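Data block below; observations after.
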Amino acid sequence: MTPQEYYTERVPAQFNRVLAEQESAAAGGDAEAARVLDSMKSVNASMRIDVRGEGGGTWFLNVNGGAVTPGESADQPPFLTLMQDRDDFEALVAEAGDSPLNLLGGLSGLSGAMKLTRLRIDNLAGMNGLLQFTLKGEDGFTLLTHFGSEPLPEEPTTKIGVEPEGFRKLRSGEIDPQQAFMDGTIQVEGDMQLAMQLALAALSPD
């Protein structure tokens, strides 16, 4: 799978599948499912993806009424920009599955797909800074995420590093983020506040 196929086909399909599952749950008469669906359908936002190197490119994912479609431009100023080197692409996909946002959620102990609800998007849109996430090890990779509309800084605001085994324990719920910070499973350099904001945004109630 190429970066273009991943970001214009697989990633949007995952978000739209989550939306369809929520619609199905709401159709069954579940009031809480209906509330979450309303929150998802109120989202209108854009994300940018930059893959640097041969075979890379720039793509946009536009969210309109909760549905995600790829585009050659952003419908709105992107609330986040994901950046990675082409050499890291396969390793990232192997760990992230259908969406790189699952990696950011995984740092916060969020298992499964991250739903694009109004509160979660608002919290992410309220962040400012450049976060560098590094999965260490032989098959590791680095993913940069720029939040906010400020110019891209020369250096990351916050660096987060984690070993593969520790990260998988986080995503499975075997350990919680607070424990992971305390015991050094998650290593943070720079602005700790940005890391905490990400955790709070990812764990925003649906």
Side-chain angles (χ1 to χ4, degrees), residues 1-21 40 45-53 55-63 68-70 78-117 120-121 123-124 127 130-147 156 158-175 177 180 185-188 194-195 198-199 201-204 206:
M1 176 168 287
T2 66
Q4 180 174 2
E5 290 170 332
Y6 182 69
Y7 287 110
T8 65
E9 298 174 19
R10 184 172 173 182
V11 173
Q14 186 264 350
F15 284 124
N16 292 330
R17 185 166 58 250
V18 171
L19 179 65
E21 290 169 353
M40 295 173 72
S46 297
M47 295 173 274
R48 174 174 173 152
I49 299 97
D50 288 328
V51 179
R52 300 169 296 199
T58 297
W59 300 278
F60 297 91
L61 297 178
N62 295 309
V63 191
V68 178
T69 56
F79 69 90
L80 65 78
T81 299
L82 298 175
M83 295 167 283
Q84 66 180 111
D85 290 333
R86 177 63 181 84
D87 291 343
D88 282 349
F89 173 71
E90 281 77 13
L92 181 145
V93 173
E95 189 66 40
D98 292 336
S99 173
L101 289 191
N102 294 341
L103 295 173
L104 301 181
L107 283 172
S108 309
L110 183 69
S111 60
M114 184 186 291
K115 295 178 182 177
L116 298 180
T117 59
R120 183 165 287 126
I121 295 300
N123 285 339
L124 290 170
M127 297 171 58
L130 178 62
L131 185 145
Q132 176 182 296
F133 168 61
T134 300
L135 186 70
K136 299 181 178 181
E138 184 177 345
D139 297 322
F141 60 85
T142 294
L143 175 68
L144 291 167
T145 306
H146 183 228
F147 300 94
T158 304
K159 295 180 179 180
I160 297 178
V162 61
E163 298 288 344
E165 182 179 357
F167 185 60
R168 285 160 195 154
K169 286 181 178 179
L170 269 169
R171 294 185 68 175
S172 68
E174 187 175 339
I175 58 175
T185 298
I186 297 178
Q187 297 151 16
V188 181
L194 186 65
L198 173 61
L203 296 177
S204 301
D206 289 330

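Please read these numbers as outputs of a predicted model, since none were measured by experiment. Just so you know, these numbers use all the heavy atoms, side chains as well, and skip hydrogens, waters and symmetry mates. Starting from 1, each residue takes its place in the sequence as its number.
In terms of heavy-atom proximity, P70 sits nearest to P12 at CD-CG, 4.2 Å. Here the shortest heavy-atom pairing between L19 and M40 reads CA-CE, 3.9 Å.
For the 3.5 Å distance criterion, the side chains of Q187 and K159 fail to qualify, holding no donor opposite an acceptor.
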N/O donor to acceptor pairs below 3.5 angstrom from side-chain atoms of residues 161-169, sequence neighbours left out:
unit_1 : atom_1 : unit_2 : atom_2 : d
R168   : NE     : E95    : OE1    : 3.4
R168   : NE     : E95    : OE2    : 3.4
R168   : NH2    : E95    : OE1    : 2.6

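Between L61 and the options V68, L101, T8, a side chain to side chain contact (heavy atoms under 4.5 Å, CB included) holds for only V68. Partner of I160 under the side chain to side chain contact (heavy atoms under 4.5 Å, CB included) criterion, chosen from L143, L135, L131: L131. Each of D50, D85, T81, L130 was scored for a side chain to side chain contact (heavy atoms under 4.5 Å, CB included) with L144, with one residue passing: L130.
Atom NZ in K115 sits 8.5 Å away from atom CZ in R120 (nearest 0.5 Å). Atoms OG1 and CG, from T145 and L82 in turn, are 5.0 Å apart once rounded to the nearest 0.5 Å.
The salt bridge (charged side-chain N to carboxylate O under 4.0 Å, His left out) test applied to E90 returns R86, not counting sequence neighbours.
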Next on the checklist: Go through it in stages, so that I can follow the logic: the residues are F79 and S46, the test is side-chain contact (heavy atoms from CB on, under 4.5 Å), and I'd like the CA-CA distance, side-chain angles, deciding distance and then a yes or no.
Outcome noted: CA-CA 6 Å; F79 69 90; S46 297; 6.0 Å; no
Checklist entry - For F147 and L198, what are the C-alpha separation, side-chain angles and deciding distance, and is it a side-chain contact (heavy atoms from CB on, under 4.5 Å)? => result CA-CA 10 Å; F147 300 94; L198 173 61; 4.2 Å; yes
Checklist entry - Could you walk me through whether T158 and V188 pass the side-chain contact (heavy atoms from CB on, under 4.5 Å) check? => result CA-CA 7 Å; T158 304; V188 181; 3.8 Å; yes
Checklist entry - Does the pair R52 and Q84 meet the rule for a side-chain contact (heavy atoms from CB on, under 4.5 Å), with working shown? => result CA-CA 6 Å; R52 300 169 296 199; Q84 66 180 111; 5.9 Å; no
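Side-chain contact between W59 and V51: present, with at least one pair of heavy atoms (C-beta onward) separated by less than 4.5 Å. The closest side-chain heavy-atom distance from F133 to T142 is not below 4.5 Å. Side-chain atoms of P100 and Y7, non-hydrogen and from C-beta on, do get closer than 4.5 Å to each other. Taking 4.5 Å as the limit, some side-chain heavy atom of V63 sits within range of a side-chain heavy atom of M47. Residues Q14 and R10 have side chains not in contact (no heavy-atom distance under 4.5 Å, counting atoms from C-beta outward).
Taking the six-membered ring for Trp and the full ring otherwise, Y6 and F89 have centroids separated by under 6.0 Å.
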